[in-house]
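One structure is given below, encoded as structure tokens.
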Amino acid sequence: MSETVNRARRALNETPADRLVVGIGDVLAPSYGITEAELYQVDYRLSKLLPLTEGDPITGPGHPAWRAFDHQSPVLADGTAWLPVSMRGERRGVLRLAPVPDDPALLGELADITTALAHELAAVSAGTDVYRATRRSQRLTLAAEMQWDLLPGRSRIRPSFSLAGQLEPAYTVRGDGFDWSDDGQRLWLSTINGTGEGVAASLLTSLATHALRNARRGGLGLADQAALADQALYDEYRGERHLSALLMELDLRSGVMTVVDAGSPRLVLLRDGEVTEQPLEAQFPLGMFEATDYHEQRFPLERGDRLFVVSDGVVDATGQDVRYGETALDRFLRRTGPMEPLDAVRSLIGDLRAFVSGDLVDDAVVVCLDWTGPQP
């Protein structure tokens with residue numbers, strides 16, 4: 001690793017949280033003659049790349065910035081380098097640097113620096129609003145602010161799986177959500193189809209998510225996680241408020257999936273180009289009754305399988321008095337086969353927004369999981 005890359009890493013560690021891009025620029029200018037550095041973050045809707053300090057949003061899909069974001073590789077155009085700012089599969093945006101000569105070795109060093117920037121952005125985001133505030137193209141509702149802060153991220157990549165999720169309408173979402181965690185041997189994934197309006201819906205989803213995390217971190221099995229969350233909701237709302245959830249646990253060594261369907265969103269399997277709905281044992285939603293007894297079911301995944309979890313806001317989306325429906329959904333999911341999970345999720349949400357000619361009326365959550373098989 002070159003001395004410049006090391007100095008850039010040290011600058012990221014030592015620069016104040018709100019001046020990370022400036023810190024990189026201070027290193028690159030004397031070393032490479034790069035005088036322009038700007039961070040463009042992808043917005044909550046995954047439709048715009050927004051500058052941190054100045055400049056216009058980038059929306060055109062053919063723009064070099066979007067090519068770098070979509071393909072996750074540096075793009076050099078007219079002396080300007082666009083480099084993906086990503087870490088562990090979480091795509092944060094792109095870094096614009098200029099002037100940059102056509103030198104593959106230099107681009108490789110700059111790519112290492114942008115990866116370090118992505119890690120530092122993740123580290124400082126809890127302590128500053130600078131990056132969150134500048135990656136929104138409009139104001140978030142209070143409920144949406146709560147929902148986005150609750151998420152673990154928007155995409156995740158490990159050798160054995162790739163994962164992505166998205167909420168819509170991004171700036172006014174109320175109760176839908178998702179959560180995930182992995183420990184190298186298992187992946188846990190929960191998808192919530194929330195109910196209610198505004199902050200009340202977000203509070204309900206927040207309580208369920210934290211109850212599930214508490215149970216998971218306490219080492220409880222999937223059925224007991226559902227039971228603990230169910231009891232937490234019932235204790236608070238006495239059955240007057242409840243929500244649907246799908247709880248999943250994937251054994252990363254065997255590919256066996258364990259599921260608890262608590263009135264869940266739809267689970268769809270894409271295998272060898274064919275779309276089928278995975279049959280699940282329907283059980284009561286979380287919080288509907290006191291002391292519900294939940295049961296687990298299991299099924300094996302095959303290498304190359306793709307799973308989609310979609311809430312009813314996807315299937316029931318209506319445009320010009322026509323429902324999107326299962327047929328259109330299955331047809332679109334079949335076309336996502338070559339896409340990465342985040343691109344598949346973004347494309348589906350984009351198709352829904354085009355279908356309804358704007359924002360969805362009801363919340364929708366889409367999660368995509370690719371199983372690539374156990375790794376040695």
Side-chain angles (χ1 to χ4, degrees), residues 1-43 46 48-58 60-125 127-128 130-131 134-135 153-159 162 164 340 342-343 375:
M1 186 176 296
S2 75
E3 178 57 30
T4 301
V5 174
N6 286 328
R7 285 194 289 114
R9 289 178 178 272
R10 287 196 297 270
L12 286 169
N13 288 330
E14 297 168 2
T15 300
D18 60 305
R19 296 176 59 82
L20 295 179
V21 178
V22 174
I24 287 179
D26 290 345
V27 172
L28 296 182
S31 299
Y32 301 128
I34 294 173
T35 57
E36 300 176 25
E38 177 63 291
L39 173 65
Y40 285 78
Q41 298 180 100
V42 69
D43 81 320
L46 293 170
K48 297 179 180 180
L49 290 167
L50 303 175
L52 181 65
T53 56
E54 58 185 21
D56 297 323
I58 300 173
H63 193 283
W66 276 113
R67 296 207 308 272
F69 182 85
D70 289 337
H71 299 292
Q72 288 295 284
S73 60
V75 173
L76 187 64
D78 300 323
T80 298
W82 302 89
L83 300 112
V85 180
S86 306
M87 47 83 69
R88 301 184 185 276
E90 180 70 14
R91 303 189 204 175
R92 293 183 171 270
V94 295
L95 183 67
R96 176 186 178 273
L97 299 175
V100 176
D102 188 1
D103 181 346
L106 174 57
L107 282 178
E109 291 188 3
L110 296 177
D112 288 340
I113 292 172
T114 54
T115 299
L117 172 62
H119 281 275
E120 198 64 26
L121 287 170
V124 305
S125 288
T128 178
V130 167
Y131 303 103
T134 52
R135 74 178 186 93
R154 203 148 43 178
S155 53
R156 179 89 166 92
I157 295 176
R158 286 197 64 143
S162 297
E340 293 295 323
L342 184 64
D343 299 323
Q375 303 299 312

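Closest non-hydrogen pair, A37 versus G25, comes out as CB-CA, 4.5 Å. Taking all atoms of both residues into account, the shortest heavy-atom contact from A68 to V94 is CB-CG1, 4.1 Å. Across all non-hydrogen atoms, the minimal contact from V100 to L76 is O-CD1, 3.6 Å. Contact detail for A11 and G23: the closest heavy-atom pair is CB-O, 3.9 Å. Of all heavy-atom pairs spanning L20 and L117, the tightest one is CB-CD1, 4.0 Å. Residues Y131 and A17 come closest through the heavy atom pair OH-O, 2.5 Å.
Here CG of L95 is found 10.0 Å from CG of L52. Values are rounded to the nearest 0.5 Å. D102 contributes atom CG, which lies 7.0 Å from atom CG of L107 (distance to the nearest 0.5 angstrom). Taken from OG1 in T4 to CD1 in I113, the straight-line distance is 7.0 Å, to the nearest 0.5 Å.
Screening M87, R92, E90 against L121 for a side chain to side chain contact (heavy atoms under 4.5 Å, CB included) leaves a single residue, R92.
With hydrogens and angles left out, the side-chain atoms of Q41 and T134 include a donor and acceptor closer than 3.5 Å.
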Do L110 and I34 pass the side-chain contact (heavy atoms from CB on, under 4.5 Å) test, and can you show the C-alpha distance, the side-chain angles, and the key distance before you say yes or no? CA-CA 11 Å; L110 296 177; I34 294 173; 4.1 Å; yes

Applying side-chain hydrogen bond (donor to acceptor under 3.5 Å, both in side chains) to Q72 and S86, what does each step give before you reach the verdict? CA-CA 8 Å; Q72 288 295 284; S86 306; 2.5 Å; yes

side-chain contact (heavy atoms from CB on, under 4.5 Å) between V42 and R154, intermediate numbers included: CA-CA 11 Å; V42 69; R154 203 148 43 178; 3.6 Å; yes

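Between the E38 side chain and the E54 main chain, a donor and an acceptor come within less than 3.5 Å of each other. For the pair H71 (side chain) and S73 (backbone), a donor-acceptor distance under 3.5 Å is absent. The backbone N or O of I58 lies less than 3.5 Å from a partner atom in the side chain of W66, making a donor-acceptor pair. No donor-acceptor pair closer than 3.5 Å links the side chain of S31 to the backbone N or O of L28. When atom types are taken as modelled, the side chain of R91 and the backbone of F69 share a donor-acceptor pair closer than 3.5 angstrom.
At a threshold of 4.5 Å between non-hydrogen side-chain atoms, the residues L342 and L46 count as touching. Counting heavy atoms from C-beta outward, D56 and P51 have side chains that stay 4.5 Å or more apart. Using a 4.5 Å heavy-atom cutoff, the side chains of L97 and Y32 are not in contact. Looking at H119 and R88, their side chains come closer than 4.5 Å, going by heavy atoms from C-beta outward.
Geometrically, R96 does not engage Y40 in a cation-pi contact defined by less than 6.0 Å to the ring centre and at most 45° from the axis.
In R10, the CZ atom is crowded: over 12 heavy atoms of neighbouring residues, nucleotides or ligands sit closer than 6.0 Å.
Residues in residues 11-24 take part in no side chain to side chain donor-acceptor pair (under 3.5 Å) pair, two or more places apart or across chains.
For R158, the salt bridge (charged side-chain N to carboxylate O under 4.0 Å, His left out) partners at least two apart in sequence or on another chain are D182.
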